[in-house]
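For clarity, every value in this text was computed on a predicted model and none was experimentally measured.
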Amino acid sequence: KAVMEPIWINASLENLAAFQEGAELPHIITVTFIENFLWIGGSGATLPLVVYMSAFARSKQAKQIGRLSIAPGIFNINESVTFGIPVVLNPFLMIPFVLGPLVILLIDYITMKAGIFPLTAGIVIPWTTPYFISGYLATGGKIGGVLLQIINFVVSFLIWLPFARAWDKQAYAQENAKTAKA
């Protein structure tokens, strides 16, 4: 990020200048694109994981982490998930953590390049702006930004789902084993 962020910021500024002039936006990948379309609840697109844990998990640990993480996750803060499960240093959960944003990047880039969804207008939106609101603001008030974020959320949810279920099943079994011993 330290190397690429100045390039992305410059791309955002060039898009903003074009947006203000009513010209065609020159860049797809900008700092606004990265922070508002790839970070769904933070790095690794973890908000769908938090929603799964809050709504569908069977283990107490997953439910508790999900409930504690939903409010920060809405504002793209996901340390409670990445260190609470933990995703960090967990090779199994690292797969969707890396795969989700890569798949979303491809979907977003292709659909924006094809003109299906609007590009980011160069307006730098704070990274803590809640998902879905940020898509609208980042594209200069276009509903297509929100629609793309909904697609990103669903895709990320489907990528996380088998991994979250397997982890939850394991945690649930461990909790039941502890209860049986007591």
Side-chain angles (χ1 to χ4, degrees), residues 1 4 8 28-29 31-112 116-117 120 125-139 143-177:
K1 182 178 174 181
M4 294 304 298
W8 295 334
I28 294 174
I29 308 242
V31 71
T32 307
F33 172 87
I34 299 295
E35 292 178 350
N36 296 284
F37 286 90
L38 299 185
W39 293 355
I40 307 171
S43 60
T46 56
L47 187 58
L49 171 64
V50 170
V51 169
Y52 170 82
M53 291 190 310
S54 299
F56 305 110
R58 294 175 55 201
S59 71
K60 290 178 185 176
Q61 180 184 5
K63 285 181 183 182
Q64 197 169 37
I65 292 171
R67 289 179 186 144
L68 289 171
S69 302
I70 196 81
I74 290 169
F75 296 96
N76 291 326
I77 300 167
N78 68 348
E79 283 77 8
S80 57
V81 176
T82 56
F83 295 106
I85 290 180
V87 174
V88 174
L89 298 177
N90 185 331
F92 180 69
L93 293 177
M94 192 56 65
I95 296 167
F97 188 83
V98 172
L99 184 62
L102 287 175
V103 171
I104 290 167
L105 173 67
L106 287 172
I107 291 168
D108 291 357
Y109 189 88
I110 291 167
T111 58
M112 286 180 173
I116 298 168
F117 291 107
T120 57
I125 308 299
W127 63 270
T128 54
T129 303
Y131 203 66
F132 305 125
I133 295 171
S134 65
Y136 180 77
L137 296 173
T139 56
I143 197 71
V146 179
L147 295 174
L148 183 55
Q149 285 186 321
I150 291 169
I151 291 168
N152 290 346
F153 187 92
V154 170
V155 168
S156 183
F157 187 89
L158 294 173
I159 290 170
W160 272 105
L161 188 60
F163 296 91
R165 278 186 179 160
W167 178 81
D168 182 44
K169 184 178 179 181
Q170 180 183 14
Y172 186 70
Q174 288 173 347
E175 289 170 3
N176 285 340

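- Proximity of a side-chain donor or acceptor of S156 to a complementary backbone N or O of N152 within less than 3.5 Å is not detected.
- Between T82 atom OG1 and L93 atom CG the span is 11.0 Å, to the nearest 0.5 Å.
- We find the CD1-CZ distance between I65 and F83 to be 13.0 Å, quoted to the nearest 0.5 Å.
- Distance CG/L106 to OG1/T111: 10.5 Å, rounded to 0.5 Å.
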Per-pair distances, 0.1 Å, donor-acceptor, side chain in residues 39-53, under 3.5 Å, sequence neighbours excluded:
residue : atom : partner : partner atom : Å
T46     : OG1  : G41     : O            : 3.3
T46     : OG1  : N78     : ND2          : 3.0

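- Contact check for L38 versus D108: side-chain heavy atoms found under the 4.5 Å cut-off.
- When side chains are defined from C-beta on, I29 counts as touching L105, because their heavy atoms get closer than 4.5 Å.
- Without hydrogens or angle criteria, N36 side chain to T32 main chain gives a donor-acceptor distance under 3.5 Å.
- Side-chain contact between F163 and F97: absent, with no pair of heavy atoms (C-beta onward) separated by less than 4.5 Å.
- The main-chain N or O of G66 is never found under 3.5 Å from a side-chain atom of S69 such that the two would form a donor-acceptor pair.
- Expressed to the nearest 0.5 Å, how far OG1 of T120 lies from CE of M112 amounts to 6.0 Å.
- Within the model, atoms CD1 of I107 and CD1 of I116 stand 11.0 Å from one another, a figure rounded to the nearest 0.5 Å.
- For the pair I77/W127, a side-chain contact is recorded, criterion being any heavy-atom separation below 4.5 Å from C-beta on.
- Without hydrogens or angle criteria, Q61 side chain to A171 main chain gives no donor-acceptor distance under 3.5 Å.
- Interatomic distance, CD1 of I150 versus OH of Y131, reported as 9.0 Å (0.5 Å rounding).
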Requested in this report: I would like to know whether F37 and I104 meet side chain to side chain contact (heavy atoms under 4.5 Å, CB included); could you show each step before the answer?
Outcome: CA-CA 8 Å; F37 286 90; I104 290 167; 5.6 Å; no

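- Classified by interplanar angle (parallel below 30°, tilted 30° to 60°, perpendicular above 60°), the ring pair F56/F157 is perpendicular.
- Side-chain atoms of S134 and Q149 form a donor-acceptor pair, as typed in the model, at a separation below 3.5 Å.
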